[in-house]
Amino acid sequence: MLKIYNSLTKQKESFEPLDQNHIKYYSCGPTVYNRIHIGNARAFICADLLAKVLKGIYPKVTYVSNITDIDDKIIEAAKEEKVSIKDISNKYFNIYLEDLESLGINKPDLQPFATDYINEMIDYIEKLIDSNNAYIHEGNVLFDTTKFKNYGCLSGRNLDEQKAGERVNLETYKRNVNDFTLWKPSNNGEPGWESPWGFGRPGWHLECSVMSELTLNIPFDIHGGGNDLKFPHHDNEIAQTCAYHGSSEPQDFARYWFHNGFLNLDNEKMSKSLGNVVYLEDLLDVYDGNQIRLALLSTHYRQPIPWNKTLLEQAKTVSKKINKFTKDLNLTPKFNVDTLIAQDLLDDLNTPKAIATIQKLIQSPSNNIESELETFQYIFEGSKHKVRLDDNKISEIEKLIKERDIARKNGNYDQADEIRDKLTKMNVIIEDINGKTVWKI
RNA sequence: GGCUGAGUGGCAGAGUGGUUAUGCAGCGGACUGCAACUCCGUUAACAUCGGUUCGAUUCCGUUCUCAGCCUCCA
């Protein structure tokens with residue numbers, strides 16, 4: 001039985017699916033305008049982690065993750081690169097897919113694109129206006145947050161209290177601070193679509209309400225995303241969907257809300273303005289996909305990860321140790337429920353505990369060890385990405401090692417050590433095992 | 001100001017009302033030309049002040065500190 005922390009009720013709960021035979025799970029996907037950074041990577045790994053566990057215990061799981069391909073950031077990127085928004089979103093969507101793969105993240109079962117649902121969004125807005133939940137102001141359509149009495153129920157916000165410490169300037173066209181855009185006009189050559197309110201484009205929050213319902217129907221089991229999406233994005237989704245269906249119960253939309261924590265650099269959030277963004281592709285030049293994956297899963301998904309090089313190096317060490325143990329075994333990665341690893345994961349996805357468990361098992365193997373390792377591999381080792389090395393570098397390394405061997409045979413230990421230092425500087429570690437020298441990065 | 005969440009050994013990180021994980025690093029040793037790898041051994045912690053209890057790091061409350069959100073954000 002899976003236990004999972006539900007952000008909506010703020011407690012760990014037993015997961016009771018609406019239909020045992022078909023689990024429905026939606027997770028907010030990327031806005032495709034840039035290559036992904038390590039923080040994004042964590043979010044996608046966590047989302048996938050839950051999908052993997054669900055698929056491990058239920059016969060059918062539909063995991064949907066949307067692609068936001070219309071958004072101000074994309075418009076900006078298109079302007080900068082002097083191409084169309086479609087070019088931008090296609091380009092970065094493909095990079096996103098490659099990045100997922102390099103980290104051993106499975107592709108979601110469905111990846112709906114926002115721009116494929118424009119008509120549906122327009123219909124949705126019309127109904128919200130008709131039912132008096134939204135209002136029009138000069139080509140803008142806004143959701144009236146006062147119309148949904150449970151507004152803010154996910155993040156624990158209360159409209160009256162919010163006003164006290166209000167940091168946002170009230171846009172003149174908004175009736176209430178929290179009212180958000182359902183549709184906004186596109187001007188000056190900005191991309192857009194014709195609508196009853198003029199040429200424009202949808203607000204960001206809308207797509208998830210529309211696409212999750214159209215792909216999964218509501219209510220569905222789990223809705224996930226990064227912690228920062230709780231407010232306003234997810235609260236807005238709840239408000240829209242519930243208002244649309246005349247409900248006041250957030251669980252008429254999604255039953256369990258799943259949010260992952262952030263990744264901190266030097267005890268600070270990673271952000272572009274601080275210039276401390278770590279891009280995944282840069283790490284992939286130095287670490288294997290599974291090593292990065294292990295580093296990202298070495299902290300419980302709800303906690304912040306203090307990201308630094310030490311963490312990666314530790315993950316690398318652990319990953320190698322496990323690989324050494326498994327390399328001669330014939331294992332098929334799969335989720336074996338009757339393992340200690342599976343039990344750790346079924347308890348709110350306790351990956352750090354599972355990592356500790358596997359290390360204990362390697363120290364003193366039980367007769368069930370293969371089953372444990374298969375489960376471990378299923379969750380932690382889906383990546384095939386290896387650090388890339390070009391042939392020139394390899395032949396240079398091998399040449400140096402040969403020189404060192406000769407020096408050692410002749411008793412020229414100073415020279416041998418010099419060569420080893422040189423290799424160390426190239427990030428190459430050498431090991432003399434049974435008279436043979438092996439090297440690794 | 002409001003809302004979340006968190007404070008565990010040098011670092012990372014689970015967990016538990018009493019026997020106090022795990023890894024990395026460190027230290028000692030075996031191995032080695034020296035290292036690395038591997039193996040054996042080992043040090044070390046539960047923010048603060050109260051309360052409950054035979055007993056609390058674990059439960060309750062106080063204080064302090066930190067992070068995230070409240071504005072695009074994973």
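Each chain gets a letter, A, B and so on, in the order its sequence line appears, and its residues count up from 1.
Here NZ of A:K107 is found 10.0 Å from CD of A:E101. Values are rounded to the nearest 0.5 Å. Here the CZ atom belonging to A:F15 is positioned 4.5 Å from the CD1 atom belonging to A:I23, to the nearest 0.5 angstrom. For the atom pair CZ of A:F148 and OG1 of A:T241, the computed distance is 9.0 Å after rounding to the nearest 0.5 Å. Taken to the nearest 0.5 Å, the CG atom of A:L283 stands 12.0 Å off from the CG atom of A:D288.
Mapping A:T310 and A:N260 onto RNA chain B by nearest heavy atom places A:T310 closer to the 5' end of the strand. When each of A:P306 and A:Q359 is assigned the nucleotide of RNA chain B with its nearest heavy atom, A:P306 is the one assigned upstream, toward the 5' end.
Taking atom CD1 of A:I70 as the reference point, atom P of B:C72 lies 16 Å away to the nearest angstrom. Rounded to an integer number of Å, the gap from A:N412 CG to B:C34 C1' is 14 Å. A:Q11 places its CD atom 11 Å from the P atom of B:G5, with the value rounded to the nearest Å. If you measure from atom NE2 of A:H233 to atom C1' of B:G68, you get 18 Å, rounded to the nearest angstrom. Counting to the nearest Å, the C1' atom of B:C24 and the CG atom of A:N308 are 12 Å from each other. When rounded to the nearest whole Å, the span between CZ of A:F325 and P of B:G23 equals 14 Å. Atom CG of A:D235 is separated from atom C1' of B:G2 by 14 Å (rounded to the nearest Å). We find that NE2 of A:H300 is positioned 22 Å from P of B:A67, with the value rounded to whole Å.
Distance noted for atom C1' between B:U58 and B:A21: 15 Å (whole Å). Rounded to whole Å, the separation between the P atoms of B:G41 and B:U22 comes to 12 Å. Taking atom C1' in both B:C39 and B:A47, one finds a spacing of 38 Å when rounded to whole Å. Spacing of C1' atoms, B:C46 relative to B:C11, comes out at 16 Å, to the nearest Å. Taking atom C1' on both B:C54 and B:U43, the two are 32 Å apart, rounded to the nearest angstrom.
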N/O donor to acceptor pairs below 3.5 angstrom from side-chain atoms of residues 353-363 of chain A, sequence neighbours left out:
{"from": "A:T357", "atom 1": "OG1", "to": "A:D344", "atom 2": "OD2", "distance (Å)": "2.6"}
{"from": "A:T357", "atom 1": "OG1", "to": "A:K353", "atom 2": "O", "distance (Å)": "2.9"}
{"from": "A:Q359", "atom 1": "NE2", "to": "A:I355", "atom 2": "O", "distance (Å)": "3.3"}

Please list, one pair per line, the donor and acceptor atoms closer than 3.5 Å that link side chains of residues 64-73 of chain A to other protein atoms, with sequence neighbours excluded.
{"from": "A:S65", "atom 1": "OG", "to": "A:S27", "atom 2": "O", "distance (Å)": "3.1"}
{"from": "A:N66", "atom 1": "OD1", "to": "A:Y26", "atom 2": "OH", "distance (Å)": "3.3"}
{"from": "A:N66", "atom 1": "OD1", "to": "A:G29", "atom 2": "N", "distance (Å)": "2.8"}
{"from": "A:N66", "atom 1": "ND2", "to": "A:T68", "atom 2": "OG1", "distance (Å)": "3.4"}
{"from": "A:N66", "atom 1": "ND2", "to": "A:E207", "atom 2": "OE2", "distance (Å)": "2.6"}
{"from": "A:T68", "atom 1": "OG1", "to": "A:E207", "atom 2": "OE1", "distance (Å)": "3.4"}
{"from": "A:T68", "atom 1": "OG1", "to": "A:E207", "atom 2": "OE2", "distance (Å)": "2.8"}
{"from": "A:D69", "atom 1": "OD1", "to": "A:A114", "atom 2": "N", "distance (Å)": "3.3"}
{"from": "A:D69", "atom 1": "OD1", "to": "A:T115", "atom 2": "N", "distance (Å)": "3.0"}
{"from": "A:D69", "atom 1": "OD1", "to": "A:T115", "atom 2": "OG1", "distance (Å)": "3.4"}
{"from": "A:D69", "atom 1": "OD2", "to": "A:T115", "atom 2": "OG1", "distance (Å)": "2.6"}
{"from": "A:D71", "atom 1": "OD1", "to": "A:K73", "atom 2": "N", "distance (Å)": "2.7"}
{"from": "A:D72", "atom 1": "OD1", "to": "A:R201", "atom 2": "NE", "distance (Å)": "3.4"}
{"from": "A:D72", "atom 1": "OD1", "to": "A:R201", "atom 2": "NH2", "distance (Å)": "2.6"}
{"from": "A:D72", "atom 1": "OD2", "to": "A:K184", "atom 2": "NZ", "distance (Å)": "2.9"}

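Below 30°, between 30° and 60°, or above 60°: for A:F143 and A:F180 the angle between ring planes is below 30°, a parallel geometry.
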Secondary-structure string, 5' to 3', Watson-Crick or G-U under 3.5 Å, | for another-strand partners, for RNA chain B:
(((((((..(((.....[...))).(((((.......)))))....(.(((..]....))).))))))))....
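For the pair A:R175 and A:D144, the salt-bridge criterion is met [side-chain N within less than 4.0 Å of a carboxylate O].
Applying the ring-ring contact (aromatic ring centres under 6.0 Å, His included) criterion to A:H385, with sequence neighbours excluded, gives no partner residue. Listed by chain and residue number, nothing satisfies the ring-ring contact (aromatic ring centres under 6.0 Å, His included) test with A:H300 (two or more places apart in sequence, or in another chain). Remark: A:H234 engages A:H223, A:W257, A:H259 in a ring-ring contact (aromatic ring centres under 6.0 Å, His included) (not counting sequence neighbours). Residues passing the ring-ring contact (aromatic ring centres under 6.0 Å, His included) test with A:W183 are A:W197, sequence neighbours excluded.
Listed candidates were B:U22, B:G5, B:C24. Nearest to the side chain of A:Y5 is B:G5. Distances from the side chain of A:R157 to the nucleotides B:G33, B:C73, B:G2 place B:G2 closest. Side-chain atoms of A:T299 lie closest to B:A14 of the nucleotides B:C72, B:A14, B:A35. With distances taken from any side-chain atom of A:R420 to the nucleotides B:A21, B:C34, B:U4, the minimum falls on B:C34. Nearest to the side chain of A:H37, among B:A74, B:C3, B:C24, sits B:A74. Picking from B:G23, B:U4, B:G33 the nucleotide with the shortest atom distance to the side chain of A:Q314 gives B:G23.
With hydrogens and angles ignored, no donor-acceptor pair closer than 3.5 Å exists between the side chain of A:R302 and the base of B:G5. Side-chain atoms of A:N264 and base atoms of B:G68 include no donor and acceptor less than 3.5 Å apart.
Within the 4.0 angstrom heavy-atom criterion, only backbone atoms of the sugar-phosphate kind lie near A:Q303; the bases stay farther away.
Taking a 4.0 Å limit (strictly below) on heavy-atom distances, residues 40-51 of chain A reaches RNA chain B at A:N40, A:A43. For RNA chain B, no neighbouring residue in residues 92-114 of chain A is found when judged by any heavy atom under 4.0 Å.
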At under 4.0 Å between heavy atoms, how does the protein contact nucleotides 37-45 of chain B? Give one character per nucleotide, 5' to 3', with B, S or -.
S--------
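Between B:G15 and A:N350, a contact under 4.0 Å exists linking OP1 or OP2 to a side-chain N or O.
With no hydrogens or angles considered, a side-chain donor-acceptor pair links A:Y301 and A:D348 at under 3.5 Å.
The list of ring-ring contact (aromatic ring centres under 6.0 Å, His included) pairs with a residue in residues 68-103 of chain A, not counting sequence neighbours, reads A:F44-A:Y96, A:F93-A:F113. Listed by first and then second residue, the salt bridge (Lys or Arg N to Asp or Glu O under 4.0 Å) pairs involving residues 228-240 of chain A amount to none (not counting sequence neighbours).
Within the 6.0 Å centre-distance limit, the rings of A:F220 and A:F253 are counted as a close aromatic pair.
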